[in-house]
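Just so we're on the same page: letters track the sequence lines, and every chain starts at 1.
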Amino acid sequence: MKLAFIATGDIAQPTFRHLITHGPRPCLLITQPDKPVGRSHSEFLPPEIKSLAIENGIPVWQPERIIEIADALTDLHPDIIVVMAYGQIIGKDVRKAAKKAIINLHASLLPKYRGASCIQSAIANGDTETGITIMRVIRELDAGDIISAKRIPIGKTETAGELHDRLANLGPAALDEALKILAANPKAGTPQNEAEVTYAPKLLRENGRLDFTKPAAEIERFIRAYHPWPGTFTEVFVKGKTKRLKIFPPVEIAHYLIGPSELAVHEGQLLIGCSDGAIALSQVQPEGSKPMPATAFANSL
RNA sequence: CGCGGGAUGGAGAAGUCAGGUAUCUCGUCAGGCUCAUAACCUGAAGACCGUAGGUUCAAAUCCUACUCCCGCAA
């Protein structure tokens, strides 16, 4: 069986590696172009999965827009196309290139959290479980018929980064299962319940701004959910200037009443007030500085 | 040349504009106080102020060049 892999994000690495080792071996990797990175735009960094492909002698295509390679892909006659965290909408001409099926591994329990920030959303909303769903790729994003899903519980102090890695490691087994189902029944799949659909839009750094008029429990989840990307921050007034202050997990809910956004030092902990109490910070990073313990930051206040 | 902030004992900062004895909040060590303490009191150690030049009687501070770190933006 001929399989083509379309992926960019790190979450796809374990699955890609699994296919290389245990088969069916991908005959091609399609990934996003190398992106400029760094302060001066001078360095170009390839997706890590690209290096993985090259090390294993798998051809790599990096079109600006995936539609550009639709014809070439069709000429390869792949049976199955597997998509995971690619970062572009898969156009019709690409979908048609798969002789048997084109499927997508998505890091949520669909139909919940269609979209890019599915992992963050699950934690931010306080869900107790999430998983990997495998569905068919159709015109609408993450909306195709579901072939299979694997569930895992979400830890009470887990960050999105940690959950991301666990979900990534769930990929290989999830894909094996889906391929088995498809082999038995090429038309397998259950439509998603449209009434339960929710969306998790792509995040920007600005989305990490903390709103201290919310309850402490919600803010604590938010900080875990947005770590390490896009991160969370607030603004503090130091030396006559407003400076951005990044906040890192873990944070603890403190039963100490101060006003929203108000800073306080109590029993050696740096606190910020929320609507119903405060959160105790462990690590922060003021604009222009490296990350530091919250107590160190408190020393200069 | 995308925009901006920064480098001062182990940590975080003030001092730089108006050059003149190294300051603060912590930490560390020693001692004291206390039933007790992430509390309080006393004392101590620890810094060639990022690097290299320059100006000056005198430079953390002014001038020039350089290195490194970080925030935004992509």
Ignoring hydrogens and geometry, is there a side-chain-to-backbone donor-acceptor pair from E287(A) to E235(A) under 3.5 Å? no

Output the rounded distance in Å from [atom1] ([X]) to [atom2] ([N]).
X       : N      : atom1 : atom2 : result
L203(A) : A74(B) : CG    : C1'   : 17 Å
N207(A) : C72(B) : CG    : P     : 13 Å
E287(A) : A73(B) : CD    : C1'   : 13 Å
L270(A) : A13(B) : CG    : P     : 14 Å
H266(A) : A39(B) : NE2   : P     : 13 Å
L245(A) : G5(B)  : CG    : P     : 19 Å
L45(A)  : A74(B) : CG    : C1'   : 14 Å
L271(A) : A38(B) : CG    : C1'   : 13 Å

I want to check one thing: is the phosphate of A7(B), taken as OP1 and OP2, less than 4.0 Å away from some side-chain N or O of S289(A)? no

Considering just the side-chain nitrogens and oxygens of Q285(A), establish if one lies under 4.0 Å of OP1 or OP2 belonging to G71(B). yes

Need the pair for [N]. Rule: Watson-Crick or G-U wobble, both distances under 3.5 Å, any strand; none if unpaired.
N      : result
U67(B) : A7(B)
A30(B) : U42(B)
U21(B) : none
C72(B) : G2(B)

Starting from the 5' end of RNA chain B, give me the residue, Q269(A) or K290(A), whose nearest nucleotide shows up first. Q269(A)

By nearest-nucleotide position on RNA chain B, the 5'-leaning member of R205(A) and F297(A) is F297(A)

Counting only heavy atoms from other residues, nucleotides and ligands, does the tally under 6.0 Å from CD of E158(A) exceed 12? yes

Can you check the distance between [N] and [M], where both ends of the measurement are the [atom1] atom (answer in whole Å)?
N      : M      : atom1 : value
C48(B) : G43(B) : C1'   : 27 Å
G10(B) : G32(B) : C1'   : 25 Å
U28(B) : G4(B)  : P     : 41 Å

Check ion pair E220(A)-R224(A) (N to O, under 4.0 angstrom): yes

One thing to verify: whether E194(A) and R114(A) come together as a salt bridge, which I'm taking to mean a side-chain N less than 4.0 angstrom from a carboxylate O. yes

Are any protein N/O atoms closer than 3.5 Å to N/O atoms in nucleotides 24-28 of chain B? If there are, list each pair with its distance.
residue, atom, partner, partner atom, Å
U25(B), O2', N299(A), OD1, 3.2

Nearest-nucleotide pick for [X], side chain only, options being [options]:
X       : options                : answer
M292(A) : C69(B), G12(B), G71(B) : G12(B)
K243(A) : G5(B), A11(B), C72(B)  : G5(B)
A296(A) : G12(B), C70(B), A74(B) : G12(B)

Below 4.5 Å, heavy atoms only, C-beta onward: do F5(A) and I58(A) meet side chain to side chain? no

Any side-chain heavy-atom pair of R139(A) and K92(A) under 4.5 Å: no

Would you please say whether a donor-acceptor pair under 3.5 Å links the side chains of D176(A) and H18(A)? yes

Paired with K100(A), the side-chain contact (heavy atoms from CB on, under 4.5 Å) test is passed by just one of I81(A), D79(A), L3(A), namely D79(A)

Relative to each other, are the rings of F248(A) and H227(A) parallel, tilted or perpendicular (30° and 60° limits)? perpendicular

In numerical order, the residues of residues 246-256 of chain A whose heavy atoms come under 4.0 Å of RNA chain B are K246(A)

Is there a path of hydrophobic side-chain contacts, each under 4.5 Å between heavy atoms, that joins L19(A) and Y86(A)? no

Assigning hydrophobic clusters by single linkage (Ile, Leu, Val, Met, Phe, Trp, Tyr; side-chain heavy-atom cutoff under 4.5 Å), is V94(A) placed with V137(A)? yes

